[in-house]
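In this text, all values refer to a predicted model and were calculated from it rather than measured experimentally. Position 1 is the first residue of the sequence; numbering continues from there.
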Amino acid sequence: MDEDHKALERALKRIEKLQAQLRAARPRHVLFDVALDLMCVADTNGYFKELSPSWSTTLGWSIEELTAVPFIEFVHPDDRESTDGVAKSLYSGTNVVAFQNRYRHKDGSYRWLMWNAVLEPQTITVLAVAHDMTEFVATRQALKASENAYRMLFNGMLDGFSFHDIILDDDGRPVDYRFKAINPAFEEMTGLSARDLVGRRVLDVLPGTEKHWIEVFGRVALTGEPIRYENYSQEFDKWFEVLAFRPGPGQFACTFHDITVRRQAETERAQLQAQVEHAQKLESLGMMAGGIAHDFNNLLTAIVSSIDLAVADVDTDAEAAKRELATATMAADRAAELCKQMLTYAGRAEPQKESAQLSDLAREILPLAAPSLSKKLSVDARYSPEPLCVVADHAQIRQVILNLVLNAGDAIGDNEGTITIRTGSRTLSESDLSSFRDGASLEAGRYAFIEVEDTGLGMSAETAARIFEPFFTTKFSGRGLGLAATLGIVRAHRGGISVVSTPGVGTKFVVVVPLAPWHTPSTNPKPIDEQPWTGSGTVLLCDDESTVRRVMARLLNSLGFDVLEASDGQQALEFFRSRPNEFSAILLDLTMPKMGGFDVLPLLKERRDNVPVILMSGYDEQRLADFDAMTNVTFLPKPFRKAGLRRALRQVLNASH
């Protein structure tokens, strides 16, 4: 009885214990059923004993499939070793917190799980919960990749980049900004380092920053409206193109692109364009001057030739008439000299070059200039002791020196002052020549120079920039052609001219021409003996100016020739072709409408190669050298006199015999 009673008591106690265990287990199973995280119980043999339904939801496997094989079979091969290590730690009684590994989904993909696990000593089982971290891990990896890409861009971009917090006063106005980050390109552009900038205010590290830019960047940070601008930084002596934008409230960032080279190129292009426009302007004026000079020379030919004829007709006792005619002749000569200056400026005069000593030319011109200079002036001439041999047109170089000396006298006026003249030689590099007018077209080398310096009123930079323009003058009266013609002469001699002037101090002109390495003998032919000479036969005279033809016909008659006149090249060809052997010589103007001398001459020579031809033109550049392959051709520049015509006729007629 007692034994049965004891057995019953033991049975009741077991039932009560099982009931207690069931009551204790019920909340756990309820939690298993509703948990979103993955909950499990595993034994020490590596099998899942219990699993929450969320396992199937997360991994796609059924609970039966998950518990049928060791859980290590679901772990990513790369994570199995670490998972085994964690399991051994658990079995030894060590709790596991925040362990990660990957479990295989039924579709073959893997999910990242974050584990917390403990060992239950009574049952020697592992109780664990796992959170699915797959989306978080993917996001973190994407963010890390993005950060790496940003860091590579930040460090590798060629443009400078800076990131700032705007600093406001109590009234909400921008008063400063703080550097949060700068990239290596910013450091390279500015010479500043992140170590010295990041975390500091701009007014602390760059106290010269203008308030205007703080306000501009403040508007960007407060309104979010981006701006783009170009700005020259005196701090760094560079031009930057800047884009400022707002990455977040109270912040702004800037990208800086160094455009210094571009701006310099734009400036140089603008300067070059201005030079081209100036050259085109001068070319236009030069063409105008050349055209005027050509027509003027035709008139001068008529004038001087008429005077020659009148002088021959005046009775030998009429001395007064001869003096008046001589005066007219001098005036015509001066007008012809003006034409030469205009042609020189136009670039259409070929200098009569021969060797000369530059110092000698300067010495010769001073007595001519003296009467035009104030008695209050003193002239200090400092000529180089070394020979300064140049190949030049003597008259033109004298004209250059005279113009500069007279301009110096005008600059001093009636005041006391000094004109200093210096000659010498120097070696000029391309850099040195760049300071001269048209210096870019000159070659580096040895040059002879003449300086004319005065202690006059000087000029402003604006005036100095215009003094070589034709018809520009600062004088009350004057033609304004002096310095323009001077520039043309210097150009024709492959030289340069520069001017340095300071208002109230004075002006210095420097002219350089290539220094000749040796004495070059004159190539000009000696004039034929001027003894009386007359010819005979018929001359074909071709010129489109009727006045010129009439006067020249009289000159030719006075030299013993009959004359047949043609008004243009086409008419001259018709006369010549009808009787090619009748003419003793042909006088042919180079510039005419319809057919000029350039077109007519080859056709004449085709019909009769040895026919003597005299080419006439007011354009000095069109010389006999253009026709050196043709026989019995000479050049007669307008205006000319009877003596010049006589020499030309004798030359071509003698050559034809």
Taking C-beta and beyond as the side chain, do [X] and [Y] meet within less than 4.5 Å on heavy atoms?
X    : Y    : value
F509 : D454 : no
E545 : D589 : no
L645 : K642 : no
R554 : V551 : no
Y447 : P514 : yes
S501 : K508 : no
F635 : L590 : yes
T455 : T420 : no

With distance as the sole test, does [X] use its side chain to make a donor-acceptor pair with the main-chain N or O of [Y] at under 3.5 Å?
X    : Y    : result
N557 : F561 : yes
D410 : N407 : no
N415 : I412 : yes
H394 : S355 : yes
T260 : W239 : yes
Q357 : L388 : yes

So does [X] have more than 12 non-hydrogen atoms from other groups sitting under 6.0 Å from [atom1]?
X    : atom1 : value
D414 : CG    : no
E416 : CD    : no
R446 : CZ    : yes

Margin query: Would you say S567 and R549 are linked by a side-chain donor-acceptor pair, where the criterion is simply a distance under 3.5 Å?
Written below: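 Looking only at side-chain atoms, S567 and R549 do not form any donor-acceptor pair under 3.5 Å.
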
Checklist line | Between S359 and T423, a side-chain donor and acceptor under 3.5 Å | finding: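 On atom types as modelled, these side chains qualify, holding a pair under 3.5 Å.
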
Look up atom [atom1] in [X] and atom [atom2] in [Y], then write down how far apart they are to the nearest 0.5 Å.
X    : Y    : atom1 : atom2 : value
M595 : L601 : CE    : CG    : 10.5 Å
Q264 : E268 : CD    : CD    : 6.5 Å
M552 : D543 : CE    : CG    : 6.5 Å
I450 : L404 : CD1   : CG    : 7.5 Å
E266 : I259 : CD    : CD1   : 7.0 Å
L515 : R426 : CG    : CZ    : 12.0 Å

Note to self: Using the rule given for side-chain contact (heavy atoms from CB on, under 4.5 Å), can you reason through L588 versus L604, listing the C-alpha separation, both sets of side-chain angles and the distance that settles it, and then say yes or no?
What the structure shows: CA-CA 11 Å; L588 190 62; L604 296 176; 4.3 Å; yes

Margin query: Before you tell me yes or no, could you show the steps for R422 and E453 under side-chain contact (heavy atoms from CB on, under 4.5 Å), namely the whole-Å CA-CA distance, both residues' side-chain angles and the distance that decides it to 0.1 Å?
Written below: CA-CA 9 Å; R422 303 181 187 87; E453 185 173 5; 3.0 Å; yes

Shortest non-hydrogen separation from [X] to [Y] and the atoms involved:
X    : Y    : answer
V452 : A408 : CG1-CB, 4.1 Å
S384 : G424 : CB-CA, 3.7 Å
A566 : L540 : CB-CD1, 4.4 Å
I397 : A392 : CG1-CB, 3.6 Å
G458 : T507 : CA-OG1, 3.6 Å
F449 : S425 : CE2-N, 3.3 Å

Next item on the list: Mind checking side chain to side chain contact (heavy atoms under 4.5 Å, CB included) for N231 and listing every partner two or more places apart, or none if nothing turns up?
Entry: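 Checked N231 against side chain to side chain contact (heavy atoms under 4.5 Å, CB included); matches are W213, Y229.
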
Checklist line | Audit row: I614, L649, side-chain contact (heavy atoms from CB on, under 4.5 Å) steps and yes/no | finding: CA-CA 8 Å; I614 297 175; L649 284 167; 3.6 Å; yes

Item checked: Ion pair R382/E451, N-O distance below 4.0 Å ->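 E451 and R382: not salt-bridged.
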
Check: Going through the distances and angles, do K605 and N632 end up as a side-chain contact (heavy atoms from CB on, under 4.5 Å)?
Finding: CA-CA 10 Å; K605 288 293 185 178; N632 297 350; 4.2 Å; yes

Notebook entry, point to check: Is NZ or CZ of R263 both nearer than 6.0 Å to the six-membered ring centre of Y232 and within 45° of the ring axis?
Noted result: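 The answer is no, since R263 fails at least one limit relative to Y232.
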
